[in-house]
Participant: 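Please see the structure below; I have some questions.
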Amino acid sequence: MTTPLFAPALAFVDLETTGTTAQHDAITEVGIVRVDAAADGTGPPTVTEWSSLVDPGVPIPPMIQALTGITDAMVRGAPRFGELAATIATYLDGATFVAHNARFDYGFLKHAFAREQRAFSARVLCTVRLSRRLFPDADRHSLDSVIARHGLPAADRHRALGDARVLWEFVQALYRELPADAVAAAVNRVMKTPSLPPQLAPDALDEIPEAPGVYRFYGLNALPLYIGKAKNLRERIGAHFSSDYRSATDQRLSIELNRIEFDETAGELGALIREAALVKSLLPAHNHALRRKAESGVLELGDEPGPPRFILAAAVEPRELAGRYGPFAGKRQAREALRALAGEHGLCWKALGLEQRPGPCFARQVRKCAGACVGEESAAAHHRRLRAALAPHVIPPWPHAGPVAIRESNPLTGKVDVHVARDWCWLGTARDDGELQALVEAPPRARFDADIARLLMRTLARGRHQVQPLPTPRA
Ligand SMILES: [Zn+2]
């Protein structure tokens with residue numbers, strides 16, 4: 001019988017080591033069974049075996065010597081990892097990395113390669129997780145239990161090549177015991193599902209839909225640690241915990257995370273709006289990018305020469321914001337934008353109000369300012385150039401007489417969200433006719449938010465959504 005393979009090439013890998021931590025311990029033996037599918041896809045696969053003892057450069061703890069049978073005397077004179085790295089890389093090249101408790105072997109190899117200045121990454125399949133998915137009723141999934149359950153031949157247990165061979169035997173046994181598509185489905189599932197932090201249920205991801213939305217990570221407190229948006233909630237949440245690469249923020253989140261909540265939305269616009277609104281009302285500890293108090297504002301430029309003024313959006317009626325510039329999430333962001341414009345257009349930091357001290361402005365000293373501060377450019381000429389430079393940032397007038405309904409629907413999930421907006425403010429999202437009616441009859445007071453306003457400008461300019469004028473409520 002020809003065993004079908006779920007990938008063009010599989011590398012069954014087992015390592016023996018001096019301990020359990022990839023950062024501090026070293027490899028003492030590597031065993032690889034590489035299985036390549038026949039080129040025509042029908043013949044028997046090609047099986048190649050390779051193994052070598054590795055001199056770890058440090059003594060092997062006696063307990064580990066007893067467990068693996070690999071002694072200091074055996075590894076003395078064996079090649080160091082650096083001498084084997086190229087060969088090992090060749091055996092793993094392009095293959096799916098299969099190991100029992102794969103995170104361990106994969107992590108060890110990745111660190112060992114990194115110490116040799118070699119990058120290494122592979123698609124990883126953990127046979128513990130595969131066994132758990134295919135035999136959920138079994139209590140134990142250790143290699144010994146798997147061998148006993150499937151009656152696998154197991155010579156040379158606890159030596160690297162012996163254990164790697166057992167894994168290949170296990171995969172062949174799966175194809176004898178189960179339909180090929182059941183094995184393939186389980187493999188897909190295990191490889192796609194990242195392992196979650198241990199404080200969450202192992203199937204916590206299963207209840208999260210593959211749909212757009214907003215998610216919140218909670219620790220033990222009532223306020224979320226982190227709020228995020230996603231086109232695909234399950235994939236995005238899983239990505240925070242994928243073993244291959246984690247940001248420092250994700251590592252801290254994994255430790256603190258205790259509970260996940262999510263809201264499914266019909267599409268990306270709804271997810272973005274909700275994220276912006278939630279982050280500002282809840283101020284989660286780990287949302288550095290979006291974390292800020294609501295102090296959105298705009299810049300106003302007078303007719304006479306003078307620096308642009310920052311006005312808090314809350315101080316004016318949303319309708320009055322058109323014709324001003326921005327919007328900006330805060331005063332700091334407005335000043336950053338002015339500095340960028342100054343650099344691009346040779347504008348003067350003093351004329352922009354970014355600097356007060358006497359003498360030439362900072363930009364002039366680095367030959368970026370055209371000279372308004374030293375009398376080389378008239379105030380009127382500078383003001384004209386400033387107005388031109390700001391022109392692309394002008395807030396357009398709200399293109400409708402009153403509120404509009406922006407319809408967002410998802411053909412895959414059947415979900416429909418109707419976002420109600422007016423004067424570049426979001427008034428709410430209705431999920432049915434009743435909610436829409438309520439928003440039309442008693443709209444909440446419009447609160448301007450720079451991030452949401454920019455989203456709405458982009459959305460209406462693109463014209464991809466169905467936009468419908470709504471009746472204006474009588475005052
Ligand atoms: Zn200047």
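When a ligand or atom number is given, it counts from 1 through the structure's own listing order. Just so it is clear, the values below take in all heavy atoms, side chains as well, and ignore hydrogens, waters and symmetry mates. Just so you know, these numbers come straight off a predicted model, no measurement behind them.
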Participant: Could you grab the protein N, O or S atoms closer than 2.8 Å to the Zn ion (ligand 1) for me?
Facilitator: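 Only Cys348 SG, Cys361 SG, Cys369 SG, Cys373 SG fall inside 2.8 Å of the Zn ion (ligand 1).
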
Participant: Is Arg34 reaching over with its side chain to a backbone N or O of Ala11, donor-acceptor style, under 3.5 angstrom?
Facilitator: no

Participant: Which residues pass the side chain to side chain donor-acceptor pair (under 3.5 Å) test with Asn232, sequence neighbours left out?
Facilitator: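 Asn232 satisfies side chain to side chain donor-acceptor pair (under 3.5 Å) with Glu210 only.
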
Participant: Any salt bridge (charged side-chain N to carboxylate O under 4.0 Å, His left out) involving residues 304-318? Give me the pairs, sequence neighbours left out, ordered by first then second residue.
Facilitator: Glu300-Arg309

Participant: Only counting residues at least two apart or in another chain, list the ones meeting side chain to side chain contact (heavy atoms under 4.5 Å, CB included) with Thr429.
Facilitator: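 For Thr429 the side chain to side chain contact (heavy atoms under 4.5 Å, CB included) partners, ignoring immediate neighbours, are Asp417, His419, Trp426.
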
Participant: With a 4.5 Å heavy-atom cut-off, do Asp105 and Phe97 have their side chains touching?
Facilitator: yes

Participant: Answer whether the closest heavy-atom distance between the side chains of Ile452 and Trp424 falls below 4.5 Å.
Facilitator: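 Side chain of Ile452 against side chain of Trp424, heavy atoms only: no contact under 4.5 Å found.
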
